[in-house]
Amino acid sequence: METKLMSKKMNLKNWIPVAILSFAFILAIASLNAPWWTVKNPISNQIQTNVTNSADYNPSQTISANHVENEPNNTVSIVVPFADLAINQTDPVELNGIFNAAYYLVVSALIFIAIAIAVALFSIFRKPIFSLFWIFPLAATLLLFVAPVYLAAQMPPVLTNLATVMPPQIGIASGSDVTGFWGSSPDWTWGAGTGWTMMLTAAFLSGAAMVLVRAVWKTVPKRTLP
Amino acid sequence: MFKNESSLAFILVVLGAIMVLINGILIAANGAPVVISSYPAYSTNQLYANGSSFWGRLSLGIPGVADSAWLSIFLFVGVVQLLTGLLLLIQPKGRRNLSLIVIVCSLLSIPIGGGFIIGALLGIIGGLAGMEWPEPIQETFVGRFLRALKLDSSMFKAMSDEPKYLSHAAWMLILVNTLSAIGYGIYNLTIINANNSADFAFNVLFLGQISIDISVLVYPLIYVGLAVIKWLILSSLIYLIGTKILGSRTGFDSIATVTAFAYAPIALQIFLPLIFSNQPVTWGLAVFFVTNAWMILALLVGARQALEVPIERMIGIILIGGGIYWIIDYMAIVPQLEVPGIWFILKPATFVLLLFSIGTLLATLTGVFTKRFKFQ
C-alpha cells in the first residue's frame, strides 16, 4: 500500500501541471514587480550617442526614469508619481484607476492559480477530489489575459493627454505623440514593459496548465456505495 | 513514464520551449533584440576604419518583432511548443503528428532569438525524432544526422551494410544542401544590401537586422541540384579508387550512402547569418573551411567503414579522390555556372595542379596503389 502511494507520488506525469502552474504563478508575481509600459530613446540613438533615457511605468503607480550617459559617466535616476506628468489632474487619477484594475485582476488570477496548485497537490498526495479543477487555471488564464489587454486598450487615450510621458528631469516626450500602446517617434520609442509581457506569458502558461490538468486527471473515480 | 529512450526527444522539446520563453522575456526586458558584440562600437565608420580589428555580433531576435505586439504572438508560439512537448511526454501514443507542430513552433521562435538558438535547435531535433516515435532518438533520421556530425563510425558502418539507407542518404543530401543554401542566401543578400546602404549596414551590425526575400529561395534549388551531381562525382571517385585500385569488394550503394551522410557538417552553414562582422568574407570563409574540413573527416571515417581499409590508405584515397573532386567542383562547376555564395577558389591553375600532385604523391606513400592490406 505504502509502495503504491509512493509510486503515485513519484509519477512525474502528475507533477507536470503543477510545474507549469508554478511557472505561471512565479511569472504573475514577477509581473507585479516589473514595468508595464516603457518609453525610451531608440536603440540606434542609444548606440550613436551613448546615452539612454528611459521611463518605466510600474504597477506601484510610479514612474522610474533613468538617464545613463557613459562618456562622461553620468547617471540620473528618479521615481515620480503619475501626477507629475499631467496637465489635467483627472488624467493621473484615470491612469491610477487603470493600473489598480489591472493589479487586482492579476492578484485574483494568482489566487486561482494557488488554488489550482493546492488541488493538484492534494490529488497527488491524497486522492483526486474535484474532477473539474481545470476551471481554476481557466479562470486564471482569463484574468491574466484580460489584464494586459485592458492595459493596452485603456492606457493610450490617457497617455495622449499627458503633457509629457517622460519625467521632465530626464526629457520631454509629448503625450500627444502616443497614439498606441506600441509606437515610435523620431526621438522616442514606447511599448510594453517586461511586466506586461510576463503577465501575458503567465496567461498562456496558465492556459497550457489547464490543458495538462485535463490530460493528466481525465477522470476522477466515482465513489461506489457500499 | 520517461523510462525509455524515446522520451528523450520530447524532453528536448520541453527544454527548448523553456529556453524560447526565457529568451522572449529577455528580449521584452531589453525592448529590442539582444545583440552581443565582440567589443563596443558606436558607428559603422569606426568598424570599417583602417586598422579596425575583427568585430562580430550575434543577434538573438529580429528588430520589429521584439519591440512590437508581435512579441506576444511569438511568446504564444513558445507556450504552444511547451504544451505540445509536455502532451507528447505524457502520452506519445497516437500523437506523433503533434511533433510537426513542435517543428513549426521551433522555426517560428527564431525571430525572437529561438531560445538562444539552442532552444529552436532542441525543438527541431526533438520534433523530427518525435515523428519517428517510438524509435530511440539515435536510430531516427535526425539522430543519424547528429551521429554523422559526431563522426560515429558505428553509424557509418550500419549505413554501409544496409542498402535500404540509400534513400535516407538522398534525403540527407537534400536537407543538408537546403540548409546550407538558406544560410548562404540570407548572408549574401544581407551583405549586398548592407553594401548598398550605410543606414542598412548600421541596422545589420548594431540592431540585428537581416534581409530575407523571395530570392533566398533560389539558392536551395541551385544548391540541391548541384549537390546531386557533386555527390555522384565524389562517390564514383572513391568507389573507383577503392574497388579498382585497392580491390575492395564494397558496392557503389554503400559508398554513396556514407558519402551523403558525410555531407552532414555542411548543413551547419545555416548558421552563417548568425554572425555579421566588419569582415564579412573572413567570417564566410571561416565557416566554409570549418564545415568542409569537418565533412572531409566524416568522409574519412565513413568511407573507411564502407571500404574496410586501414586509415592511412583511406587518407590517400581522400587525397586523390578529393583532389579530383575539388578540381572539378571549384575549377569547372562553380566558376562556369557562376554559383552564388562564398567559395574558396585557388588561382593560378598551375598552383592547383601542384597541390594535386603533392596529394597524389602523399597518397602513393600511404600505399593507395598497393593492393595488400589488413583492415583493423
Side-chain angles (χ1 to χ4, degrees), chain A residues 10-17 19-20 23-24 27 30-31 34-35 38-40 42-44 46-50 52 54 56 70-71 145 148-149 152 180-184 189-212 214-216 218, chain B residues 1-3 7 10-11 14 17-18 20-22 24-35 37 40-46 63-64 66-91 95 112 199 202-203 205-209:
Chain A
M10 292 310 292
N11 190 350
L12 284 172
K13 191 169 80 171
N14 294 339
W15 286 95
I16 287 174
I20 299 301
F23 195 6
L27 277 179
S31 76
T38 301
V39 55
K40 59 186 171 187
I43 296 279
S44 55
Q46 288 174 28
I47 294 165
Q48 285 163 335
T49 59
N50 227 342
T52 305
S54 64
D56 293 330
N70 290 329
E71 289 166 14
F145 189 72
V149 171
F181 194 69
W182 288 271
S184 63
T189 175
W190 57 87
T194 322
W196 189 93
T197 310
M198 287 198 281
M199 212 188 291
L200 196 66
T201 310
F204 295 148
L205 284 171
S206 187
M210 179 194 71
V211 177
L212 291 165
R214 293 200 63 170
V216 172
K218 275 179 191 157
Chain B
M1 191 193 171
F2 312 155
K3 282 174 191 159
S7 299
F10 308 131
I11 293 171
V14 171
I18 291 169
V20 167
L21 290 176
I22 293 170
I25 291 170
L26 198 66
I27 283 179
N30 193 40
V34 178
V35 179
S37 59
Y42 311 108
S43 68
T44 45
N45 289 341
Q46 180 195 349
D67 42 4
S68 70
W70 282 103
L71 180 62
S72 317
I73 293 161
F74 285 99
L75 284 170
F76 177 71
V77 167
V79 174
V80 170
Q81 183 184 337
L82 179 68
L83 176 63
T84 325
L86 289 171
L87 284 172
L88 284 165
L89 206 51
I90 291 169
Q91 178 57 273
R95 285 177 171 166
I112 56 163
D199 285 345
F202 179 88
N203 290 349
L205 292 173
F206 293 98
L207 307 184
Q209 186 88 42

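Proteins get letters first, then strands, A, B, ... in listed order; numbering begins at 1 in each.
- Ile25(B) touches chain A through backbone and side chain together, each having a heavy atom under 4.5 Å away.
- Heavy-atom pairs under 4.5 Å with chain B were tallied for Asn50(A), Asp56(A), Leu27(A), Thr189(A); the largest tally goes to Asn50(A).
- Heavy atoms of Asn30(B) lying under 4.5 Å from chain A belong exclusively to its backbone.
- Considering all non-hydrogen atoms of both residues, Ala215(A) and Leu87(B) come closest at CB-CD2, 3.9 Å.
- Shown here is Phe23(A), whose CZ atom has more than 12 heavy atoms of other residues, nucleotides or ligands within 6.0 Å.
- Note that OG1 of Thr197(A) and CG of Leu21(B) are 12.0 Å apart. Values are rounded to the nearest 0.5 Å.
- The two residues Ile47(A) and Tyr42(B) come nearest to each other via the heavy atoms O-CD2, 3.4 Å.
- The distance from atom CG of Leu82(B) to atom OG1 of Thr201(A), rounded to the nearest 0.5 Å, is 11.5 Å.
- Both the backbone and the side chain of Ser72(B) come within contact range of chain A, judged by heavy atoms closer than 4.5 Å.
- For the pair Ala208(A) and Val79(B), the tightest heavy-atom approach, listed with the atom from each and the gap, is CB-CG1, 3.9 Å.
- The candidate with the highest count of non-hydrogen atom pairs below 4.5 Å against chain B, out of Ala192(A), Ser44(A), Gly191(A), is Ser44(A).
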- prompt: Please walk me through it: do Val35(B) and Ile43(A) pass side chain to side chain contact (heavy atoms under 4.5 Å, CB included)?
  reply: CA-CA 11 Å; Val35(B) 179; Ile43(A) 296 279; over 6 Å; no

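- Here the straight-line distance linking atom CD1 of Ile90(B) with atom CD1 of Ile16(A) works out to 4.5 Å at 0.5 Å rounding.
- The structure places CG of Leu207(B) at 10.0 Å from CD of Gln46(A), a figure rounded to the nearest 0.5 Å.
- In this structure, CG on Leu83(B) lies 8.5 Å from CD1 on Ile20(A), to the nearest 0.5 angstrom.
- For chain A, the option among Gly78(B), Ala69(B), Ser43(B) with the highest count of heavy-atom pairs below 4.5 Å is Ala69(B).
- Proximity to chain A is absent for every atom of Leu26(B), based on heavy atoms less than 4.5 angstrom apart.
- Looking at heavy atoms from C-beta onward, Phe206(B) lies out of side-chain contact with Gln48(A) at the 4.5 angstrom threshold.
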